[in-house]
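Structure, as structure tokens:
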Amino acid sequence: MASNFLGYFSNDIGIDLGTANTLVYVKDKGIVLREPSVVAIDTVTRKVRAVGADAKRMLGRTPGNITAIRPMKDGVIADFDVTEAMLRYFIDKVRANSFVPPRVVIAIPSGITAVEKRAVMDSAVHAGARKVITIPEPMAAAIGVGLPIDEPAANMIVDIGGGTTEIAIISLSGMVICKSIRVAGDELDTAIVNYMKRAYNLMIGERTAEEIKIRVGSAYPLDEELTMEVKGRDSVAGLPKTIHITSQEIREALSDPISAIVDIVRATLEQCPPELSADLVDRGFVMAGGGALIRGIDRLLSDKTGLPVTVADDPLSAVANGTGIFLNEINWVLQNV
Ligand code: ADP
Ligand code: MG
């Protein structure tokens, strides 16, 4: 009873604790916050200098006494204190005028260990949550894109985030198969950094590589190929330099990590029980996460699997929207936390 009473006043929230971006969904309001999962720390005092977009701007541009950290970078928690500081900052930001501590649903990478999961839950409690439950990220993504996961049929989701690609086949609200690899958006950025160094002796930062990926990156030949001007530092002369690149060469640069993603999708399908495989022939799978926006990735995956592939309407919001739908359905009293 007490719990229901407090529930009436509190803002229940859903958090997509992503490797690249954290989104917060407030019940009855929708997504109210989306910021990079980055924290800038003073290396001497260990104080937090900035969180989110402000901290991301500092990546690669920090003086010796500040370091910008992505605590969830590889889908595992690199630094618990920093993760907690980040969660606290985001929770404080959205609960400004609510006097009752919120109940929180957190979507976490599926590859996380039980110890890390516990640590995230503890962090959320320290950060001001009254009750916390977690939901695996691919499950939240599947709910968020509107798949009928409670049916006795295969619902498949491929979520390409920053640090990890997560794939799940869900039936009767349970994950029948779930796979996660540490090849996703960040690996694509690294492949571009390496290519620029190899082909042009041009040193570029991660942020520039990401911009190249978003502006001209692709996984399948484009009807009209694109070009872009790139600035960086010449590794031989040591001076700033500008070059011109094409989408063909960037596609070539991205081919290894893209192949790794194709391989894991195929490996998942190979392990699928036959009845569910049969469902997938017609139903295909849905793509979510920022990586689903790489030009032609849906077409490539459809070619390589023979299945229909759909990209979610708003792939970057799928997981957060899934936590939001979950918030409406959850019976907190039955949750033993
Ligand atoms: P996470 O859930 O791991 O936080 P997101 O789903 O937020 O990750 O996706 C972030 C990744 O998507 C980053 O690597 C980013 O560069 C990439 N991304 C975002 N928009 C695009 C785009 N238009 N084209 C290609 N990649 C994109
Ligand atoms: Mg994600």
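Hydrogens, waters and symmetry mates play no part in the numbers below; they use all other heavy atoms, side chains included. One-based numbering, in listed order, for ligands and for the atoms of each.
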Report yes if the side chains of [X] and [Y] come closer than 4.5 Å at any heavy-atom pair, otherwise no.
X: V51; Y: F90; answer: yes
X: L276; Y: P273; answer: yes
X: R295; Y: Y220; answer: no
X: D159; Y: E137; answer: yes

Return the closest protein heavy atom for [atom] as residue, atom name and distance.
atom: atom 3 (O) of ligand 1; value: T19 OG1, 2.5 Å
atom: atom 7 (O) of ligand 1; value: N21 ND2, 2.7 Å
atom: atom 23 (N) of ligand 1; value: L293 CB, 3.5 Å
atom: atom 8 (O) of ligand 1; value: G162 N, 3.1 Å
atom: atom 18 (N) of ligand 1; value: G290 O, 3.6 Å
atom: atom 14 (O) of ligand 1; value: K213 NZ, 3.1 Å
atom: atom 15 (C) of ligand 1; value: E210 OE2, 3.2 Å
atom: atom 25 (C) of ligand 1; value: I294 CG1, 3.7 Å

Ligand 1-proximal atoms of R295, by part, heavy-atom distance under 4.0 Å: neither

Should you measure from each heavy atom of [X], which atoms of ligand 1 turn up under 4.0 Å away?
X: G185; answer: 14 (O)
X: A20; answer: 1 (P), 3 (O), 4 (O), 8 (O), 10 (C)
X: E137; answer: 2 (O)
X: G289; answer: 6 (O)
X: G291; answer: 12 (O)

side-chain hydrogen bond (donor to acceptor under 3.5 Å, both in side chains) between R34 and N21, worked out: CA-CA 7 Å; R34 53 176 90 223; N21 297 297; over 6 Å; no

SB check K47 D42 (cutoff 4.0 Å): no

Salt-bridge contact D189-K213 (side-chain N to carboxylate O under 4.0 Å): yes

side-chain hydrogen bond (donor to acceptor under 3.5 Å, both in side chains) assessment of E229 paired with T242: CA-CA 7 Å; E229 187 183 275; T242 304; 5.2 Å; no

Contact check: L316 vs ligand 1, nitrogen or oxygen atoms, below 3.5 angstrom: no

Of E225, R299, R251, the residue whose pairing with S218 passes side-chain hydrogen bond (donor to acceptor under 3.5 Å, both in side chains): R251

From T246 atom OG1 to L226 atom CG, the distance as rounded to the nearest 0.5 Å: 9.0 Å

Interatomic spacing from CD1 in I112 to OG1 in T164 - rounded to 0.5 Å: 10.0 Å

Metal proximity, D159 vs the Mg ion (ligand 2), N/O/S cut-off 2.8 Å: no

Name of whichever N/O/S atom of E137 is nearest to the Mg ion (ligand 2): OE2

Whether G217 lies under 4.0 Å from ligand 1, heavy atom: no

